[in-house]
Visitor: 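First the structure, then my questions, so here it is.
Heads up: numbering here begins at 1 and tracks the sequence. What you see below is based on every heavy atom in this structure, not just the backbone, and it leaves out hydrogens, waters and symmetry mates.
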Amino acid sequence: MPSSSADQHTLSVKVVPNASKTEFAGWLEDGTLKVRIQSPAQDGKANKALVAFLAKQVGVSKNQISILRGQTGRQKVIAFERLSSSQFEQLPRP
């Protein structure tokens, strides 16, 4: 579920690596955003692809996005730093 504070927004994401294409795949019942990533889940490739995809979608630099939890799993908590509310709104809504 998306949440935000004064200077940081967080988002729960479920990543599906090795997909046919990188895309948003909808919302799960618990408010987690599902994202399909074309890259494999090895050597951090899927994590890097996820950060790059999210950065492109909201129009920010990749260094403004980090993975707070879930570096090695499919369930992740993503942090967006120095992001305006209008930029955060570029993500699909549940």
Side-chain angles (χ1 to χ4, degrees):
M1 192 72 169
S3 68
S4 62
S5 65
D7 62 343
Q8 184 181 64
H9 299 273
T10 60
L11 181 67
S12 295
V13 176
K14 179 178 181 181
V15 176
V16 179
N18 294 317
S20 60
K21 65 180 182 175
T22 297
E23 64 184 351
F24 292 118
W27 292 88
L28 303 178
E29 288 183 18
D30 66 356
T32 299
L33 178 62
K34 186 175 178 182
V35 180
R36 292 185 180 106
I37 298 292
Q38 199 169 12
S39 298
Q42 65 185 35
D43 302 325
K45 291 178 184 175
N47 286 345
K48 288 177 186 173
L50 174 66
V51 169
F53 175 68
L54 293 174
K56 183 177 179 183
Q57 295 302 308
V58 297
V60 298
S61 171
K62 291 184 279 189
N63 67 9
Q64 288 179 255
I65 299 174
S66 60
I67 300 173
L68 294 179
R69 289 192 302 270
Q71 289 285 342
T72 60
R74 292 183 182 209
Q75 291 292 131
K76 301 180 185 302
V77 175
I78 307 296
F80 297 84
E81 302 288 336
R82 303 177 315 278
L83 192 68
S84 71
S85 293
S86 62
Q87 287 172 312
F88 194 64
E89 294 296 319
Q90 297 302 310
L91 293 170
R93 296 284 124 211

Visitor: Please determine whether side chain to side chain contact (heavy atoms under 4.5 Å, CB included) holds for the pair Glu23 and Arg36, giving the CA-CA distance in whole Å, both sets of side-chain angles, and the decisive distance to 0.1 Å.
Guide: CA-CA 5 Å; Glu23 64 184 351; Arg36 292 185 180 106; 3.1 Å; yes
Visitor: Who passes side chain to side chain donor-acceptor pair (under 3.5 Å) against Ser84, sequence neighbours left out?
Guide: Ser86, Gln87
Visitor: If you round to the nearest 0.5 Å, how far is CD1 of Ile67 from NZ of Lys48?
Guide: 11.0 Å
Visitor: Identify which one of Leu28, Ile78, Leu11, Val15 satisfies the side chain to side chain contact (heavy atoms under 4.5 Å, CB included) criterion when paired with Leu33.
Guide: Leu11
Visitor: Of the non-hydrogen atoms in Arg74 and Pro17, which two are nearest, and what is the gap between them?
Guide: CZ-CD, 3.8 Å
Visitor: Can Leu83 be reached from Val77 by stepping across I, L, V, M, F, W or Y side chains whose heavy atoms are under 4.5 Å apart?
Guide: no
Visitor: According to ring pair (Phe, Tyr, Trp, His ring centres under 6.0 Å), does anything in residues 46-86 pair up with another residue at least two apart or in another chain? List the pairs.
Guide: Phe24-Phe53, Phe80-Phe88
Visitor: With sequence neighbours excluded, what pairs up with Glu81 under the salt bridge (charged side-chain N to carboxylate O under 4.0 Å, His left out) test?
Guide: none
Visitor: Could you walk me through whether Lys76 and Leu50 satisfy the side chain to side chain contact (heavy atoms under 4.5 Å, CB included) test, starting with their C-alpha distance in whole Å, then the side-chain angles of each, then the deciding distance to 0.1 Å, before giving a yes or no?
Guide: CA-CA 10 Å; Lys76 301 180 185 302; Leu50 174 66; 3.8 Å; yes
Visitor: Test your reading of the model: is there a side-chain donor-acceptor pair from Asp30 to the backbone of Thr32, 3.5 Å cut-off?
Guide: yes
Visitor: Using a 3.5 Å distance criterion without hydrogens, assess whether the side chain of Gln64 forms a donor-acceptor pair with backbone atoms of Arg82.
Guide: yes
Visitor: Show the nearest heavy-atom pair for residues Pro40 and Asn18, with the distance to one decimal.
Guide: CA-OD1, 3.1 Å
Visitor: Would you give the length of the straight line joining atom CD of Gln57 to atom CD1 of Ile65, rounded to the nearest 0.5 angstrom?
Guide: 10.0 Å
Visitor: What's the shortest heavy-atom distance between Gln38 and Ser20, and which atoms?
Guide: NE2-O, 3.2 Å
Visitor: Please test Leu54 against Leu91 for side chain to side chain contact (heavy atoms under 4.5 Å, CB included), starting from the C-alpha separation and ending with a verdict.
Guide: CA-CA 8 Å; Leu54 293 174; Leu91 293 170; 4.0 Å; yes
Visitor: Do you know the tightest heavy-atom contact between Lys34 and Val16?
Guide: CE-CG2, 3.7 Å
